[in-house]
Student: 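Provided herewith is a single structure, encoded as structure tokens, for subsequent inquiry.
Below, each value reflects all heavy atoms present in this structure, side chains not excepted, and no hydrogens, waters or symmetry copies. Model, not experiment: these values are computed from the prediction.
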Amino acid sequence: MLDEKLLEQYHELLGNEGVHEMYNTFSDNIAGYLDHLQHVVKKRDEAETRRQAHKVKGACRSVGLRQLASQMERLEREEWHWDDADDLLEQWAVELPLHQHQLRRWLHARGI
């Protein structure tokens with residue numbers, strides 16, 4: 001679920017404050033990114049869907065949410081149908097809080 005090796009590297013480079021700030025930035029922005037992605041999927045705008053999936057993927061990778069990022073990479077790069085995109089986003093929105101909880105537990109365990 002988490003890319004702990006990457007998170008450890010970030011922690012070594014940025015320290016507690018930097019990692020905490022990185023998480024806060026992610027947390028502050030991910031809901032808006034997801035809302036926009038859901039909007040462009042409803043509009044059936046494939047090019048913008050792929051661009052927004054790329055943005056969400058990068059945001060997830062920046063905080064070590066490897067599994068969520070890989071789901072967005074599928075939406076960004078692979079062939080899919082609109083029903084698949086709808087299903088993926090529905091599932092992704094359900095999983096996001098679970099992954100964020102895991103990340104917060106990891107941060108808390110390190111005193112961040």
Student: Pairs of donor and acceptor atoms involving the side chains of residues 11-19, under 3.5 Å and at least two apart or interchain, shall be tabulated with distances.
Tutor:
{"unit_1": "His11", "atom_1": "NE2", "unit_2": "Asn16", "atom_2": "OD1", "d": "2.5"}

Student: Once side-chain contact (heavy atoms from CB on, under 4.5 Å) is applied, do any residues pair with Asp87, and if so which ones, sequence neighbours excluded?
Tutor: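 Asp87 satisfies side-chain contact (heavy atoms from CB on, under 4.5 Å) with no other residue.
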Student: Which residue pairs pass the salt bridge (Lys or Arg N to Asp or Glu O under 4.0 Å) test with at least one member in residues 33-47, sequence neighbours excluded?
Tutor: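 Only Arg44-Asp86, Glu46-Arg50 qualify under salt bridge (Lys or Arg N to Asp or Glu O under 4.0 Å).
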Student: Report the distance from atom NE2 of His36 to atom OG1 of Thr49, rounding to the nearest 0.5 Å.
Tutor: 8.5 Å
Student: What distance do Leu6 atom CG and Leu65 atom CG have between them, rounded to the nearest 0.5 Å?
Tutor: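 So the gap between those two atoms works out to 10.0 Å.
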Student: Arg110: what forms a side chain to side chain donor-acceptor pair (under 3.5 Å) with it, not counting sequence neighbours?
Tutor: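 Here the qualifying residues are Glu8.
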Student: Does any non-hydrogen side-chain atom of Leu37 lie less than 4.5 Å from one of Leu75?
Tutor: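 With C-beta onward as the side chain, the pair touches.
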Student: Quick one: side chain to side chain donor-acceptor pair (under 3.5 Å) pairs with a partner in residues 60-69, sequence neighbours left out?
Tutor: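 Every pair satisfying side chain to side chain donor-acceptor pair (under 3.5 Å) with a residue in residues 60-69: Arg61-Glu73.
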Student: Nearest heavy-atom pair of Tyr33 and Ala59: which atoms, and what distance?
Tutor: CE1-CB, 3.9 Å
Student: Hey, could you give me each pair passing salt bridge (Lys or Arg N to Asp or Glu O under 4.0 Å) that has a residue in residues 95-107? Not counting sequence neighbours.
Tutor: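 Found none.
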Student: My understanding is that only residues two or more places apart in sequence, or in another chain, count here; which of them pass side-chain contact (heavy atoms from CB on, under 4.5 Å) with Ser27?
Tutor: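 Residues passing side-chain contact (heavy atoms from CB on, under 4.5 Å) with Ser27: Tyr23, Gln100.
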Student: Do the side chains of Leu34 and Leu89 get nearer than 4.5 Å, heavy atoms only?
Tutor: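 Contact flag for Leu89/Leu34 side chains = yes.
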Student: Residues in side chain to side chain donor-acceptor pair (under 3.5 Å) with Gln9, at least two apart?
Tutor: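 With neighbours one apart ignored, the set is empty.
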Student: For Asn24, what residues pass the side chain to side chain donor-acceptor pair (under 3.5 Å) criterion, not counting sequence neighbours?
Tutor: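 Side chain to side chain donor-acceptor pair (under 3.5 Å) list for Asn24, sorted by chain: His20.
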Student: According to ring pair (Phe, Tyr, Trp, His ring centres under 6.0 Å), does anything in residues 86-112 pair up with another residue at least two apart or in another chain? List the pairs.
Tutor: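 Output for this query is empty, none listed.
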Student: Check side-chain contact (heavy atoms from CB on, under 4.5 Å) between Ala31 and all other residues, then give those that pass, not counting sequence neighbours.
Tutor: none
Student: Looking at NZ of Lys55 and CD of Glu76, how far apart are the two atoms once the value is rounded to the nearest 0.5 Å?
Tutor: 13.0 Å
Student: Considering only residues two or more places apart or on different chains, which pairs with a residue in residues 50-89 satisfy ring pair (Phe, Tyr, Trp, His ring centres under 6.0 Å)?
Tutor: Trp80-Trp82
Student: As an exercise, state the distance from NZ of Lys57 to CG of Leu68, rounded to the nearest 0.5 Å.
Tutor: 13.5 Å
